[in-house]
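Have a look at the structure below, then the notes.
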Amino acid sequence: MKSSEWKVVKLEDVCYFGNDKIETKMISLEDYISTENMLPNKGGISIASSLPSTKVVRMYEKNDVLISNIRPYFKKIWFARKIGGASNDVLILKGRNKKILDNKFMYYYLSQDGFFSYVTATAKGTKMPRGDKTAIMNYKINLPTIQEQENIVRILTSLDEKIEINNEINKKLEEMAQAIFKHWFVDFEFPNENGEPYKSSGGEMVESELGMIPKGWKVTILDNIVNISTKSINPQNYAERVFEHYSIPALDNNKTPEIQMGKEIKSNKYLIDDNVILISKLNPNTKRIWKPIPQYKFAICSTEFIVYVPKENNIFYYVYEFINSDYFSEMLVSHATGSTGSRQRVKPKDTLNFKIYLPPVELMVKFSKAVKPMHDSISLKNLEIQKLVLTRDTLLPKLMSGEIRVPVEEEK
């Protein structure tokens, strides 16, 4: 079959907007999708913070394609794997005929930047632009036979599944490292000189302004173990230079930095290397922490990050896990300023005055050595994820245009 045999159809010819209802009491936070908990840059979804007060919401079903219709330039899209409810600001696309359109193919087709550019260009409103439903349904797609659609989906899905598996492995490793941190430095069960858990083996505890702490520990401020880097650069001054760009959308989307030319980056950024820890100062209720592993000479990050640099490299992973802890997250939230939601921010310099209790250096070094293999594994998996994402994003437009073909006769 030649790509000239593909059919150009309007979206409305092969799908429609779902508008069935489901009672709100029938869904959980994990099943509710709004524009607030859809992640930008095709990052999928997170768990909703609350359910709506309405008695009913619109129902989505397995294999539906959900798209945020507010500010379409954020590129929020998700392929449903279950039944649930969605807000009115989320479009629910359903295929008309399984023999003509594979819903997962529709998801991948609409995941292309060209679709979001079209929806943005035809959107209504300025401050809070919304996609025009009529214009969306007039969007044209290049449709191969159902057999070739399924083969294309199989290739792209295999890449996404590998990315998901790596993310799950990293999540488990991160949980293990944080569990060890909590055991040692929250429960005070770090190994004593005999290798026994300190507190439960009768280790001496003393009073402090932060409560009871092990003898030999002290209360200090964060400023004594980290610096904040604000060294910045204007990428526009280096138009033809390639930058590895760590942004909040990139963090939300599989923790894969964007590779961009300087001329594509519109604002000042912080310069970073592999000895920093990034944490979002924006909306601290949503924890975002990142250890960069730059593969390019020039790495930068959004100025919406706080760039922490441990003062001693041999305690790097202790500092990372402390910043990743619930204790630190709660301090960030309590010091946030601004209105509720995504407009809240933390002032980086304020965090340097956070009161902390500090273990002896030898113990922080010992902990860093203990969890380093876990972080090394995470770094390797993240590099693999970056390669898989690059492969998928390179293949996607070529498969959807017919530039690269997946012959039906080679399906087996």
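What you see is a predicted model; the values in this text were computed from it and never measured.
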Could you go through residues 16-26 and list every donor-acceptor pair under 3.5 Å that involves a side-chain atom there, pairing it with any protein atom two or more places apart or in another chain?
unit_1	atom_1	unit_2	atom_2	d
Thr24	OG1	Thr54	O	2.7
Thr24	OG1	Lys55	O	3.2

Residues at least two apart in sequence or cross-chain that pass side-chain hydrogen bond (donor to acceptor under 3.5 Å, both in side chains) with Glu61, listed by chain then number, are Lys94
Side-chain H-bond candidate by donor/acceptor type, Asp113 with Tyr118, under 3.5 Å
no
* Are Tyr73 and Phe116 an aromatic pair by the rule of ring centers under 6.0 Å? -> no
- Task: Give a yes-or-no answer on whether the side chains of His183 and Gln178 include a donor-acceptor pair shorter than 3.5 Å.
- Result: no
Problem - Under 3.5 Å side-chain donor-acceptor pair for Ser280 and Glu304 - result: no
Note to self: Between Trp78 and Tyr60 (judged by ring centroids, cut-off 6.0 Å), do the two rings come close enough to count as a pair?
What the structure shows: yes
request  = For the residue pair Ser34 and Asn37, confirm or rule out a side-chain donor-acceptor distance under 3.5 Å.
outcome  = yes
| Does the Glu264 side chain pair with the main chain of Met261, one donor and one acceptor, at a distance under 3.5 Å? | yes
| said: Hydrogens and angles aside, do Ser28 and Asp31 bring a side-chain donor and acceptor to less than 3.5 Å of each other? | reply: yes
Taken in chain and number order and not counting sequence neighbours, the residues that satisfy side-chain contact (heavy atoms from CB on, under 4.5 Å) with Ile169 are Ile165, Asn166, Leu173, Lys381
Would you list the atom pairs, donor with acceptor, under 3.5 Å between side chains in residues 220-235 and any protein atom, with sequence neighbours excluded?
unit_1	atom_1	unit_2	atom_2	d
Thr220	OG1	Asn224	ND2	2.3
Asn234	OD1	Gln236	N	3.1

Exercise. Taking the six-membered ring where the residue is Trp, are the ring centres of Tyr318 and Phe181 under 6.0 Å apart?
Worked result: yes
With sequence neighbours left out, the residues meeting side-chain contact (heavy atoms from CB on, under 4.5 Å) with Pro310 are Ile277, Phe316, Val319
### Task
Taking atom types as modelled, find out whether Gln386 and Gln295 have a side-chain donor-acceptor pair closer than 3.5 angstrom.
no
Strictly under 6.0 Å, is that where the ring centroids of Phe188 and Trp217 end up? yes
For residues 349-365, tabulate all N or O donor-acceptor pairs below 3.5 Å that involve a side-chain atom, not counting sequence neighbours.
unit_1	atom_1	unit_2	atom_2	d
Thr351	OG1	Tyr308	OH	2.7
Thr351	OG1	Pro348	O	2.6
Lys355	NZ	Glu209	OE1	2.8
Tyr357	OH	Phe185	O	3.1

* **Donor + acceptor pair across side chains of Lys199, Ser201 (<3.5 Å)** => no
Answer yes or no: is there a donor N or O on one side and an acceptor on the other, between the side chain of Glu244 and the main chain of Lys297, under 3.5 Å?
no
Residue pair Glu189 / Ser200, side-chain donor-acceptor N/O under 3.5 Å: yes
State whether the side chain of Gln149 and the backbone N or O of Asp102 hold a donor-acceptor pair below 3.5 Å, judged by distance alone.
-> yes
